[in-house]
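The figures that follow rest on heavy atoms only: side chains count, while hydrogens, waters and symmetry mates do not. All chains are named by letter (A, B, ...) in the order of the sequence lines, taking the proteins before the strands, and each is independently numbered beginning at 1.
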Protein chains: 2
Amino acid sequence: MGLEERRRREKDNRKQAILRAARKLFFDRGFKAVTVEQIARRAELSKGAIYLHFRSKEEMYTQILLNDIAAFQKKISTLLQSGDSPTDMFVKFSRIYIDFFLNDRELFRILMTFMLNTEQMNLPAQMNDHIVKATNKQAEVMEGILQIGIDQGQFPKTINLRRYRNAIWGLLNGIISLHLFTGRADNREGIIRSTIDDSLQVFLRGLASEVVKGPKKEE
Amino acid sequence: MGLEERRRREKDNRKQAILRAARKLFFDRGFKAVTVEQIARRAELSKGAIYLHFRSKEEMYTQILLNDIAAFQKKISTLLQSGDSPTDMFVKFSRIYIDFFLNDRELFRILMTFMLNTEQMNLPAQMNDHIVKATNKQAEVMEGILQIGIDQGQFPKTINLRRYRNAIWGLLNGIISLHLFTGRADNREGIIRSTIDDSLQVFLRGLASEVVKGPKKEE
DNA sequence: TGAATATTGGTCAGTATGTGACCATTAGTC
DNA sequence: GACTAATGGTCACATACTGACCAATATTCA
């Protein structure tokens with residue numbers, strides 16, 4: 001009994017403060033360029049204290065990933081209950097997606113990198129699971145929207161959810177990546193937004209037009 | 001070099017948190033009725049931790065006194081620069097005095113008790129000095145107002161500052177004490193306020209009327 | 001009244017948290 | 001490919017916190 005609650009709370013606060021400091025630095029300079037000493041200074045701690053809360057620099061990085069993904073999840077989690085049409089849901093989804101990642105390009109970069117190099121990051125299996133689980137949740141929302149579309153007769157009954165979820169996901173990621181590659185986001189937000197909007201509508205229209213036709217094969 | 005600044009800040013925060021907890025309890029139940037354990041619990045700490053920040057229960061009590069007196073000082077410290085007439089300054093002074101102590105009767109009780117029993121509380125001499133110094137500051141303001149009155153020709157040039165400062169101080173304290181003794185403040189604020197207002201004006205008028213006459217003897 | 005019991009201010013040995021000098025390894029330089 | 005600099009991670013030491021404990025006092029009750 002006793003004061004554990006307060007101590008737990010304060011320990012957690014400290015941890016969050018470290019993560020805030022680390023996140024800012026990672027965001028500004030990228031993983032490699034940031035030293036643990038810098039993170040410690042920004043958090044007004046010594047380097048040793050950092051290792052009371054995290055096993056390694058990479059673990060910090062991973063937890064930031066988890067936090068940010070969780071924040072994103074929270075944003076999109078209400079979509080399914082909105083009662084909008086599936087198309088509108090996807091449009092809203094993409095808006096959130098864009099807003100979020102244009103506002104946090106480092107996270108986007110990290111996520112894409114993680115997707116591309118899961119093995120290389122050789123994190124503890126448990127961490128890996130967490131991230132995978134988190135991204136799965138995101139996928140679920142997309143599939144959920146597709147399912148609603150199916151239930152409402154807007155999409156074919158027999159489509160492969162995974163395939164089209166991936167298609168839409170890829171569309172978003174691909175366009176954003178391209179955008180980040182070709183230019184700064186600041187003055188081109190309108191372009192990327194309308195590009196995605198338009199592509200998405202085209203894709204969904206295409207999908208809807210198959211309602212009468214037969215199913216796709218499993219991949 | 002290093003993180004001392006942050007540690008100092010956090011240590012001070014902790015100390016203030018303890019004082020807040022202690023103050024609330026002392027205010028509600030009085031010094032004797034409060035146990036150190038209760039203070040610790042309210043501050044979400046163990047009893048032992050309390051003694052890292054304070055040498056004794058009484059030291060806590062004393063520091064609360066100092067804090068509250070300091071807050072009061074701050075309130076009255078601007079009076080001298082207000083440019084009001086001395087009489088108005090005293091009226092304002094008394095308003096602040098009443099507001100403050102009706103809002104914090106325990107502090108008033110404590111202060112009066114301390115004034116009456118400085119020795120009995122046998123605090124470290126240094127602490128004693130602090131409190132005495134603080135109350136002296138308060139006295140200074142009153143003497144300052146009197147001095148302004150003298151400079152402006154409203155009060156006799158030769159009055160004994162200490163005597164009249166004490167008279168006014170005593171007037172305020174006495175009426176408030178009486179009031180606390182005879183009834184609850186809530187529904188009698190108007191009465192105590194007008195009583196003090198009126199008595200104060202009478203006293204100051206009396207003092208002003210002596211401008212032409214000779215000085216009082218030193219006491 | 002005075003012995004038994006309960007309460008509580010204060011202590012201290014043990015634990016958790018934080019510090020910074022240090023080390024091993026790797027990256028960079030010439 | 002030897003030398004230097006930078007940096008992730010470690011550890012002995014320092015500080016903050018905990019709670020069982022004790023001595024002294026207050027309370028209860030026969």
Whole angstrom is fine here: how far is it from [atom1] in [X] over to [atom2] in [N]?
X        : N       : atom1 : atom2 : answer
Glu5(B)  : dG18(C) : CD    : P     : 16 Å
His53(B) : dT15(D) : NE2   : P     : 14 Å
Tyr61(A) : dG9(D)  : OH    : C1'   : 20 Å
Phe54(A) : dT10(D) : CZ    : P     : 15 Å
Leu52(A) : dT10(D) : CG    : C1'   : 11 Å
Glu10(A) : dT18(D) : CD    : P     : 9 Å
Arg41(B) : dC17(D) : CZ    : P     : 14 Å
Ile39(B) : dG9(C)  : CD1   : P     : 8 Å

Any chance you could lay out the side chain to side chain donor-acceptor pair (under 3.5 Å) test for Glu59(A) and Gln63(A), step after step, and finish with the verdict?
CA-CA 6 Å; Glu59(A) 188 184 309; Gln63(A) 296 212 7; 3.3 Å; yes
Where along residues 42-50 of chain B does a heavy atom fall under 4.0 Å from DNA chain D?
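Heavy-atom cutoff 4.0 Å gives Leu45(B), Ser46(B), Gly48(B), Ala49(B).
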Which comes earlier along DNA chain D counting from the 5' end, the contact point of Ser56(A) or that of Lys11(B), where each point is its nearest nucleotide?
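Going by which nucleotide is closer to the 5' end, it is Ser56(A).
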Answer yes or no: is there an ion pair linking Glu10(B) with Arg6(B), defined by an N-O contact shorter than 4.0 Å?
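Yes, Glu10(B) and Arg6(B) are salt-bridged.
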So that I can tick it off, tell me whether Asp99(B) and Lys92(B) are bridged by a salt bridge, with the cut-off set at under 4.0 angstrom between side-chain N and carboxylate O.
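A salt bridge is absent here (no side-chain N lies under 4.0 Å from a carboxylate O).
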Counting C-beta onward and ignoring hydrogens, is there a side-chain heavy-atom pair between Ile196(B) and Arg95(B) closer than 4.5 Å?
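Of all side-chain heavy-atom pairs linking Arg95(B) with Ile196(B), none is under 4.5 Å.
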If you compare all heavy atoms of Leu146(B) against all heavy atoms of Arg165(B), which two are closest, and at what distance to 0.1 Å?
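In terms of heavy atoms, the two residues are closest at CD1-N, 3.7 Å.
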Pick the nucleotide of DNA chain C nearest each of Thr35(B) and Arg7(B); which residue has the one closer to the 5' end?
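In this pair, the answer is Thr35(B).
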Should the ring pair Phe93(A) and Tyr97(A) be called parallel, tilted or perpendicular, given that the plane angle runs from 0 to 90° and is split at 30 and 60?
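Aromatic pair Phe93(A)/Tyr97(A) classed parallel.
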N or O in side chain of Arg55(A) less than 4.0 angstrom from dG8(D) OP1/OP2
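Checking Arg55(A) against dG8(D): no side-chain N or O falls below 4.0 Å of OP1 or OP2.
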Distance check: side-chain N/O of Arg6(B) vs OP1/OP2 of dT19(C), anything under 4.0 Å?
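Yes, within the criterion.
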Does the pair Glu5(A) and Arg8(A) meet the rule for a salt bridge (Lys or Arg N to Asp or Glu O under 4.0 Å), with working shown?
CA-CA 5 Å; Glu5(A) 144 66 12; Arg8(A) 193 196 50 65; 3.2 Å; yes
